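What you are looking at is a predicted structure, and each value in this text was computed from that prediction instead of being measured. Within every chain, numbering begins at 1; the chains are lettered A, B, ... in the order of the sequence lines, protein sequences first and strands thereafter.
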2 protein chains.
Amino acid sequence: MVQKNSKPPSAAKPLAAKAPAAPKRRGRPRAYEPDVALGKALDLFRRDGFAATSLDDLSAATGMNRPSLYGAFGDKRALYIKSYQRYRDEARAAMVDIFGAEAPLRQRLERIYKIALDIYLSGDSGPRGCFTVMTAASEAVSDPDIRAMVLEGLVGLDKAFAFCFRVAKERGELPGDADATALAHLASATIHTIAIRARARVPRKDLEAIVKGAMDVMCAAAAPPK
Amino acid sequence: MVQKNSKPPSAAKPLAAKAPAAPKRRGRPRAYEPDVALGKALDLFRRDGFAATSLDDLSAATGMNRPSLYGAFGDKRALYIKSYQRYRDEARAAMVDIFGAEAPLRQRLERIYKIALDIYLSGDSGPRGCFTVMTAASEAVSDPDIRAMVLEGLVGLDKAFAFCFRVAKERGELPGDADATALAHLASATIHTIAIRARARVPRKDLEAIVKGAMDVMCAAAAPPK
DNA sequence: ATTTTTTTGTACCATTTCGCATGAAATCCC
DNA sequence: GGGATTTCATGCGAAATGGTACAAAAAAAT
């Protein structure tokens, strides 16, 4: 029941850093690091989904006993939501720089998909896929709050890609009549398809081939076939 | 505990129709129609996934009590697999004619996506998405047999689309240097993305717009921009 | 009518699940 | 040190879960 792997989560609260070192809390010190515990919970939820992940599993994985879990995160649903928020924050953080970068379109796409593959294929017990896709496909999507988060994640990705393609058009990397929105949806669809295939244990090499083919088509308008 | 909605499943065993009417079984007649029961089970699994669907739910939905369920289909996992097989059979049957049709590429794609949307958006309690995607995203994918089925479903769709695009190339609807495999993966990806978005309750109109944009891009090579 | 065969319906079992109550433990403040 | 405060750890309990035993029921075969 002791937390191993207490790697500092790199940035618990990057902004408005109150209490940077030791806030000197009053009672018994907690035996867990909320951030790493949430990470473990996220890992479990990603692997097994909401319903198939029990509090016992979560307790074992986080090193927290059930009452501590409950006190720290609330009930299972709340923990799931917090896990999902953390996932989105991390994924967004990993991609936001690239989406806003100055590099040419093709290069940005390559970087985005590389990160996506890294995220989807990591995991000790098999590839983990995309949590947004997992959640959308699970029964959790019947929960309006969770569904709203899924929708937000989906359109957020669409918008980021659309921004990319719009910038590329302005730079002349794509012809003026290219449909940035349609290309963005295709780019998102490629994200989704590799997330799904990763879960089915399609090897990375194959996924990379799919990504490459998709990029070729999406960037094709840049170099008209004739 | 009585099965309503005993609509004839249109074709229980279309081929090799043994015992067409009354095989005169020997014991007490069963109070359920295996085909409609399996359909109900499929509906439940599609809505809630494997883990969140209990035998009580299945029993209530099928009108069969638990021992009958067990006797007819085996345990929960076996029932899930049978449900998935049925789904795949139906989806394949709905699409196979179109994939092999003589119509021009664009028209065939339109028809395929129309059917996909019909499948994914139907359901009394919300859109149901694609069972293959659902299964891939669920914990059921850790089961090797189920994973193999998922993989088969994914590559089956890829191949069907690839065939479409290859035929289109031969007919001159696409330039000779078009990458049929890459286009097929994009076509599958479009299927996947609308399945996911349907679960998030994106309205049909929006999904149709996504499909249209994707088709425009995929068929773009047919009419080179210049 | 009796037997045989198949299915139904009820009830049950062992296990798991989620959530919480309760008391012990560890730390800070005085 | 004593009290206050926060957390840990054990474990309970009610409900749900997957699966099954067993007898009654319904039909055909004899």
Gap between atoms CG and C1', on L58(B) and dT17(D) respectively (whole Å)
12 Å
Set of residues satisfying side chain to side chain donor-acceptor pair (under 3.5 Å) with respect to R111(B), sequence neighbours excluded
Q107(B)
Annotated protein contacts, base or backbone, on nucleotides 21-30 of chain D with a non-hydrogen cut-off under 4.0 Å, one of B, S, - each
B---BBBBS-
Report yes if at least one side-chain N or O of S68(A) is closer than 4.0 Å to OP1 or OP2 of dC8(D); otherwise report no.
yes
Please state whether the phosphate of dC20(C), meaning OP1 or OP2, lies under 4.0 angstrom from any side-chain nitrogen or oxygen of Y70(A).
yes
Euclidean distance, atom CG of residue L55(B) to atom P of dC13(C) [Å, nearest integer]:
19 Å
Taking side chain to side chain donor-acceptor pair (under 3.5 Å) as the cut-off, I'd like each qualifying pair that reaches into residues 179-188 of chain B, sequence neighbours left out, listed once.
D158(B)-S188(B)
Starting from P on dG19(D), measure out to CG on L69(B) and report it in whole angstrom.
11 Å
Expressed as a whole number of angstroms, how long is the span from F50(A):CZ to dC18(C):C1'?
11 Å
M64(A) CE to dG19(C) P, in whole Å, measures 14 Å
Tell me if the CG atom of D145(A) is crowded by more than 12 foreign heavy atoms within 6.0 Å.
yes
Value in whole Å for how far the P atom of dT7(D) lies from CD of E33(A):
13 Å
ring-ring contact (aromatic ring centres under 6.0 Å, His included): which pairs involve residues 131-151 of chain B, sequence neighbours left out?
Y80(B)-F131(B), Y84(B)-F131(B), Y87(B)-F131(B)
Any donor-acceptor pair under 3.5 Å between the side chain of R66(B) and the base of dG18(D)?
yes
Strictly below 4.0 Å, heavy-atom distances to any atom of DNA chain C: list the hits from residues 71-79 of chain B, or just say none.
none
Test side-chain contact (heavy atoms from CB on, under 4.5 Å) applied to V211(B) - qualifying residues, sequence neighbours left out:
Y113(B), T190(B), I194(B), M215(B)
Answer yes or no: does a side-chain N or O of N65(A) lie under 4.0 Å from OP1 or OP2 of dC8(D)?
no
Only counting residues at least two apart or in another chain, list the ones meeting side chain to side chain donor-acceptor pair (under 3.5 Å) with Q85(B).
none
Here the distance between atom C1' of dC12(C) and atom CG of D56(B), to the nearest Å, is 14 Å
Sequence-distant partners of E139(B), side-chain contact (heavy atoms from CB on, under 4.5 Å), two or more places apart
D48(A), A52(A), F50(B), A51(B)
Show me the pairs that pass ring-ring contact (aromatic ring centres under 6.0 Å, His included) and involve residues 53-79 of chain B, at least two apart or across chains.
none
If you take all heavy atoms of A200(A) and L154(B), which pair is closest and at what distance?
CB-CD1, 4.1 Å
